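Just so you know, these numbers come straight off a predicted model, no measurement behind them. FYI, side chains are in, hydrogens and waters are out, and symmetry mates aren't considered; it's all heavy atoms of this structure.
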Amino acid sequence: MAPFLLATCLIYLVACSKPTGESISPDPNTPQAGYVSGKVVDAQNRPINGAEITINNTGEVVNNLIGYSDANGNYKIKLSTGGGPLIGSYYVRGHVTINYLNYPFKLALFVEDDRAFAPEEGAVKNLKLMVAGPRSNVGDSGWYGGTIEVDNHTRNAHFPNIEVTLEPVGPLVDGSNGQTQIARPDWLYSYNIPVGQYKITARDIATNKSLAVKNYYYDKSYQASTMGVFEPILTGSDRYRLVIDVTDL
């Protein structure tokens with residue numbers, strides 16, 4: 001058993017090693033047998049350097065590969081573990097880590113063509129950074145934007161009457177300019193808010209009265225407004241949330 005485990009670990013380490021900087025095919029839209037390549041861009045179609053690209057097996061074989069995009073956003077990964085060609089079919093996933101407000105934000109990338117492919121055929125898989133919108137890749141449901149969790153401590157307001165306004169403070173996590181977001185929680189949650197830092201206020205739309213707000217994790221008392229930054233749901237997660245309390249002023 002020990003030699004088998006050692007061999008398995010060695011295969012996995014080779015598979016996950018950083019690529020050696022092979023040149024990209026002259027035609028990035030034409031698959032090359034034995035390789036997967038593509039380009040990684042942000043929402044403004046600017047190239048992303050250092051995005052992590054993972055080639056995952058659709059079955060139970062643990063010989064996944066990892067590569068990285070270059071300064072031009074291009075990547076190319078040889079579909080071999082070093083011990084021979086891969087077996088079965090594969091799909092591509094990607095993440096980019098952005099240092100935002102002195103914290104490493106891990107963000108999922110959208111894969112434009114999510115179909116599985118055979119290693120011997122190769123594939124071109126382009127990826128894009130999304131800070132909002134639905135996650136539509138196979139097996140990846142939910143939203144690219146963050147989730148707001150609102151705890152209602154008011155005397156009379158029902159959730160359909162609570163309106164939360166989020167005004168961006170500085171750029172969003174991807175460096176783009178954000179827009180003011182109006183959220184009306186559906187019995188606790190509001191979804192798909194672009195990840196960033198916001199000034200937060202709230203009101204009861206039935207009475208048009210302002211409500212007091214509190215950042216659940218950081219504020220000791222309620223205020224007319226507060227600041228909030230989306231944080232990962234779990235350490236290392238690519239899903240983010242912001243928890244606030246509201247009450248009467």
### Message
Run the side-chain contact (heavy atoms from CB on, under 4.5 Å) test on Gln32 and Lys76 for me, step by step, so that the C-alpha distance in whole Å, both residues' side-chain angles and the decisive distance to 0.1 Å come before the verdict.
### Response
CA-CA 10 Å; Gln32 182 178 351; Lys76 185 176 182 180; 3.0 Å; yes
### Task
Determine whether Tyr218 and Ile244 fall in the same hydrophobic cluster, where Ile, Leu, Val, Met, Phe, Trp and Tyr are linked whenever their side-chain heavy atoms lie under 4.5 Å apart.
no
### Query
Under the 3.5 angstrom rule, does the side chain of Tyr100 hit a backbone N or O of Gln197 as a donor-acceptor pair?
yes
### Query
Would you say the side chain of Pro31 lies within less than 4.5 Å of the side chain of Glu121, judging by non-hydrogen atoms?
no
### Task
Indicate yes or no: at least one non-hydrogen side-chain atom of Val243 is less than 4.5 angstrom from one of Tyr217.
yes
### Task
State plainly whether one hydrophobic cluster holds both Leu234 and Leu107, where clusters connect Ile, Leu, Val, Met, Phe, Trp and Tyr through side-chain heavy atoms under 4.5 angstrom apart.
no
### Query
Within a strict 4.5 Å, meaning less than it, do heavy atoms of the Tyr198 and Met227 side chains meet?
no
#### Entry: Pair Asp114 + Arg93, salt bridge at N-O below 4.0 Å
yes
### Query
Taking it one step at a time, do Thr154 and Asn152 satisfy side chain to side chain donor-acceptor pair (under 3.5 Å)?
CA-CA 6 Å; Thr154 64; Asn152 181 6; 2.7 Å; yes
### Task
Take Ser89 and Thr58 through the side chain to side chain donor-acceptor pair (under 3.5 Å) test and state the conclusion after the steps.
CA-CA 6 Å; Ser89 60; Thr58 58; 2.7 Å; yes
### Task
Please lay out, stage by stage, how Ile200 and Leu242 fare under the test side-chain contact (heavy atoms from CB on, under 4.5 Å).
CA-CA 11 Å; Ile200 304 166; Leu242 178 59; 3.6 Å; yes
### Task
Go through the steps to decide whether Asp113 and Lys125 satisfy the test salt bridge (Lys or Arg N to Asp or Glu O under 4.0 Å), and finish with yes or no.
CA-CA 6 Å; Asp113 178 1; Lys125 301 291 184 179; 3.7 Å; yes
### Message
What's the separation between atom CD in Glu112 and atom CG in Asn126, rounded to the nearest 0.5 Å?
### Response
5.0 Å
### Gap between atom NE2 of His95 and atom CG of Leu127 - 0.5 Å precision
10.5 Å
### Rounded distance [0.5 Å steps], CD1 in Ile48 versus CG in Asp174
8.5 Å
### Task
Check whether the side chains of Thr226 and Asn215 place a donor and an acceptor atom closer than 3.5 Å, and report yes or no.
no
### Message
If we ignore hydrogens and angles and just use 3.5 Å, is the side chain of Asp70 paired with the main-chain N or O of Gly73 as donor and acceptor?
### Response
yes
#### Entry: Closest non-hydrogen atom pair, Phe117 against Ala123
CG-CB, 3.6 Å
### Query
Is there side-chain contact between Leu172 and Asn177, with at least one heavy-atom pair below 4.5 Å?
no
#### Entry: Other residues, nucleotides, ligands: >12 heavy atoms within 6.0 Å of Gln179 CD
no
### Query
Between Val131 and Val173, is a side-chain contact (heavy atoms from CB on, under 4.5 Å) present by the stated rule, with each step listed?
CA-CA 8 Å; Val131 295; Val173 66; 4.0 Å; yes
### Query
Any link between Tyr103 and Phe230 through a network of hydrophobic side chains (Ile, Leu, Val, Met, Phe, Trp, Tyr) touching at under 4.5 Å?
yes
### Query
With the 4.5 Å side-chain cut-off for hydrophobic clustering, are Val246 and Trp187 part of the same group?
yes
### Task
Would you indicate whether Tyr222, at its atom OH, is surrounded by more than 12 heavy atoms from other residues, nucleotides or ligands within a distance under 6.0 Å?
yes
### Query
Looking at Val96 and Leu129, what are the two nearest heavy atoms and their distance?
CG1-CD1, 4.0 Å
### Task
Might you work through the side-chain contact (heavy atoms from CB on, under 4.5 Å) test for Glu167 and Val169, ending with a clear yes or no?
CA-CA 6 Å; Glu167 181 181 349; Val169 178; 6.0 Å; no
### Query
Taking side chain as C-beta onward, heavy atoms only, is Pro134 less than 4.5 Å from Phe110?
no
### Under 3.5 Å donor-acceptor, Lys106 side chain and Ile98 backbone
no
### Message
Ring centres under 6.0 Å, that's the criterion: do Tyr240 and Phe105 meet it?
### Response
yes
### Query
Can you name the nearest heavy-atom pair linking Asn99 to Pro104, along with the distance?
OD1-N, 4.2 Å
### Beyond-backbone contact of Leu101 with Val229, side-chain heavy atoms, under 4.5 angstrom
yes
### Query
Do you know which two heavy atoms are closest between Gly38 and Val124, and how far apart they sit?
CA-CG1, 4.4 Å
#### Entry: Single-linkage hydrophobic cluster Met130~Ile233, side-chain heavy atoms < 4.5 angstrom
no
### Message
Under 3.5 Å, is there a donor on one side chain and an acceptor on the other for Asn57 and Tyr90?
### Response
yes
For residues 140-149, tabulate all N or O donor-acceptor pairs below 3.5 Å that involve a side-chain atom, not counting sequence neighbours.
unit_1 : atom_1 : unit_2 : atom_2 : d
Asp140 : OD1    : Arg135 : NH1    : 3.2
Asp140 : OD1    : Arg239 : NH2    : 3.0

### Task
Please confirm whether the backbone N or O of Ser221 pairs with a side-chain atom of Asp219, one donor and one acceptor, at under 3.5 Å?
no
### Message
Using 0.5 Å steps for rounding, measure from the CG atom of Asp42 to the OG atom of Ser176.
### Response
8.0 Å
### Query
What heavy-atom pair brings Ala51 and Leu109 nearest, and what distance separates the two atoms?
CB-CD1, 4.0 Å
### Summary
To the nearest 0.5 Å, atom CG of Leu79 lies from atom CG of Leu65 at 6.5 Å
### Query
Could you state the interatomic distance from CD1 (Ile162) to CG (Asp151), rounded to the nearest 0.5 Å?
10.0 Å
### Message
Quick one, Ile53 and Ile77 - any side-chain contact, counting heavy atoms below 4.5 Å?
### Response
yes
#### Entry: SB check Asp204 Lys209 (cutoff 4.0 Å)
no
### Heavy-atom closest pair, residues Val111 and Val92
CG2-O, 3.3 Å
### Task
State, yes or no, whether a side-chain contact exists between Val213 and Thr201 at a heavy-atom distance under 4.5 Å.
no
